[in-house]
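Below you'll find the structure, written out as structure tokens, and then a few comments.
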Amino acid sequence: MALLLTSFFGAPAEWRKLFAAQMPDLDVRIWPEVGNEADIEAAAVTTLPRGKLKSFPNLKMIVSLLAGADVLLSDPELPDVPIVRAGNPDGDEMMSEAALLHVLRHHRHLPAYWAAQQRCEWISLPRLRARERKIGVMGLGVIGLPVAKALAAHGFAVAGWVRSPRAHDGIETFAGREQLPAFLARSEIVVNLLPLTPETRGILNTGAFAQMPKGGAVVNLGRGAHVVEADLMAALDADHLAGATLDVFPVEPLPKESPLWCHPKITITPHVARRIEASELVPNICDAIRAFQAGRPLNHLIDRKRGY
Ligand code: NDP
């Protein structure tokens with residue numbers, strides 16, 4: 001079997017070494033060195049040019065190297081084969097760390113103290129204990145659930161918003177659009193970890209910000225297009241929201257002319273919440289290929305209809 005790989009993370013030689021150790025017989029082709037397109041039966045990719053996957057006539061499986069399948073699914077000519085997620089099914093500790101870092105910054109008013117320091121101004125803002133601070137995590141998936149648990153373990157009062165109702169120990173759960181207003185109304189710091197789908201695009205907009213408590217903050221670790229940037233800046237400028245941290249943007253790198261860069265209440269991190277390791281992905285890619293070859297059911301599938 002030939003596997004096409006986009007070696008976006010890590011050097012090609014490292015990927016080859018890892019695959020050789022796991023599946024010595026696997027013929028690994030590293031993009032753009034595809035060879036004969038008819039040989040390719042599996043593609044483990046971040047993204048490829050639109051329509052490219054369709055050009056492999058014997059493609060049987062796609063492995064998404066990214067947690068979000070939004071870019072893959074946006075290809076109108078995406079072949080109708082299973083799409084498997086290669087990431088760790090138990091989440092990513094760096095994502096949990098990033099969420100904790102940014103939530104703590106807003107919880108302890110660090111952006112406001114930094115701004116006051118620029119003015120040589122001695123200010124004092126309310127000091128809440130973690131248990132007095134209500135955090136809302138949008139999306140309790142592979143990455144979102146461990147994030148919510150890490151925040152709860154720190155002592156925060158954590159709630160999550162999901163699509164299908166269910167219970168999680170220590171995390172109040174809200175489900176569906178009808179419970180979104182109540183979820184937002186109790187969430188002083190909202191951490192977004194939704195996948196980007198037609199239902200979630202632009203979900204953090206004027207209406208959502210208005211439902212959040214005054215003085216709230218938003219941490220976007222999902223995808224840039226979840227946030228309507230003009231609405232966010234308006235909510236910050238009106239002093240309804242106190243701050244926002246954005247790690248992801250509709251266009252990356254964020255264009256130099258973007259007003260987000262210089263907004264005094266916005267912290268920008270350039271999509272650096274975590275580091276993806278080839279060594280973590282290769283065993284999962286090989287497991288998926290082995291399951292496929294043995295005719296066993298594939299795990300961690302993307303549901304195209306839901307969009308995640
Ligand atoms: P999953 O697909 O595992 O989980 C998605 C979660 O979102 C589920 O809990 C799901 O609810 C919920 N959800 C989806 N659609 C809706 C909706 N319409 N209404 C309410 N809830 C909804 O995703 P992950 O946790 O693995 O990752 C989430 C996203 O985080 C990724 O898609 C990616 O965009 C982003 N990400 C960003 C990174 C970065 O570097 N900044 C790194 C990794 C991921 P339910 O459980 O009910 O289905």
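Sequence positions, counted from 1, serve as the residue numbers for this chain. Both counts, for ligands and for their atoms, begin at 1 and track the order of listing.
The shortest N or O to N or O distance between Val142 and ligand 1 is under 3.5 Å. Below 3.5 Å of separation, one finds an N or O of Gly144 facing an N or O of ligand 1. The N/O atoms of Asp247, backbone and side chain alike, include one that comes under 3.5 Å of an N/O atom in ligand 1. For ligand 1, the polar-atom distance check against Gly139 finds no nitrogen or oxygen pair separated by under 3.5 Å.
Under 4.0 Å is where a charged nitrogen must lie from a carboxylate oxygen, and between Asp92 and Arg274 at least one such pair does. Ionic pairing of Lys60 and Glu41 is present here: one or more N-O contacts between side-chain nitrogen and carboxylate oxygen are shorter than 4.0 angstrom. Using a cut-off of 4.0 Å between Lys/Arg side-chain N and Asp/Glu carboxylate O, Arg133 and Glu188 are scored as salt-bridged. By the 4.0 Å N-to-carboxylate-O rule, Lys265 lies close enough to Asp239 to be salt-bridged with it. A salt bridge does not link Glu14 to Arg16: none of the charged nitrogens lies less than 4.0 Å from a carboxylate oxygen. A salt bridge links Glu37 to Lys52: one of the charged nitrogens lies within less than 4.0 Å of a carboxylate oxygen. A salt bridge links Arg29 and Asp39; the closest N-O separation between the charged side-chain nitrogens and carboxylate oxygens is under 4.0 Å.
For ligand 1, the atoms sitting less than 4.0 Å from at least one non-hydrogen atom of Val248 are 41 (N), numbered in the order shown with element in parentheses. Listed by number with element, the atoms of ligand 1 under 4.0 angstrom from any heavy atom of Ala67 are 43 (C), 44 (C). The contact set between ligand 1 and His271, taken as ligand atoms under 4.0 Å from a residue heavy atom, comprises 39 (C), 40 (O), 41 (N). Counting the atoms of ligand 1 from 1 in the order shown, those under 4.0 Å from a heavy atom of Arg223 are 33 (C), 34 (O), 35 (C), 36 (N), 37 (C). Those atoms of ligand 1 with a heavy atom of Leu221 less than 4.0 angstrom away are 35 (C), 36 (N), 37 (C), 38 (C), 39 (C), 41 (N). For ligand 1 and Ile143, the ligand atoms under 4.0 Å from any heavy atom of the residue are 24 (P), 25 (O), 26 (O), 43 (C), 44 (C). Near Trp161, the atoms of ligand 1 lying under 4.0 angstrom from a non-hydrogen atom of the residue are 19 (N), 20 (C). Below 4.0 Å from some heavy atom of Leu193 lie the following atoms of ligand 1, by number and element: 28 (C), 29 (C), 30 (O).
Proximity of a side-chain donor or acceptor of Glu132 to a complementary backbone N or O of Arg129 within less than 3.5 Å is detected.
With respect to atom 29 (C) of ligand 1, the closest heavy atom belonging to the protein is Leu194 O, 3.4 Å. Of the protein's heavy atoms, Gly222 O, 3.6 Å lies nearest to atom 35 (C) of ligand 1. At the shortest separation from atom 7 (O) of ligand 1 among protein heavy atoms lies Pro195 CD, 3.3 Å. The nearest protein atom to atom 9 (O) of ligand 1, hydrogens excluded, is given as Leu140 N, 3.0 Å; this is a heavy-atom distance. Looking at atom 18 (N) of ligand 1, its nearest protein heavy atom turns out to be Glu199 OE1, 3.0 Å. Ranking the protein heavy atoms by distance from atom 11 (O) of ligand 1 puts Arg163 N, 3.3 Å first. Closest to atom 4 (O) of ligand 1 among all protein heavy atoms lies Gly141 CA, 3.1 Å. Given atom 48 (O) of ligand 1, the protein heavy atom at minimum distance is Tyr308 OH, 2.6 Å.
Relative to atom 45 (P) of ligand 1, the option among Arg85, His300, Arg166 with the closest non-hydrogen atom is Arg166. Between the choices Arg274, Arg201, Gln179, Met95, the shortest heavy-atom distance to atom 38 (C) of ligand 1 belongs to Met95.
Remark: Phe292 CZ to Met61 CE distance equals 6.5 Å, nearest 0.5 Å. We find the OG-CD1 distance between Ser7 and Ile30 to be 5.0 Å, quoted to the nearest 0.5 Å. Here the CE-CD1 distance, from Met94 to Ile143, works out to 12.0 Å after rounding to the nearest 0.5 Å.
In the model, Asn220 has a side-chain atom that pairs as donor or acceptor with a side-chain atom of Asn192 under 3.5 Å.
With a 4.0 Å cut-off on non-hydrogen atoms, Thr200 touches ligand 1 through its side chain and not its backbone.
Ligand 1 has no atom lying under 4.0 Å from any heavy atom of Thr197.
None of Leu128, Leu125, Ile123 except one satisfies the side chain to side chain contact (heavy atoms under 4.5 Å, CB included) rule with His109; the exception is Leu125.
Applying the 6.0 Å contact sphere to CD of Gln293 captures more than 12 heavy atoms from other residues, nucleotides or ligands.
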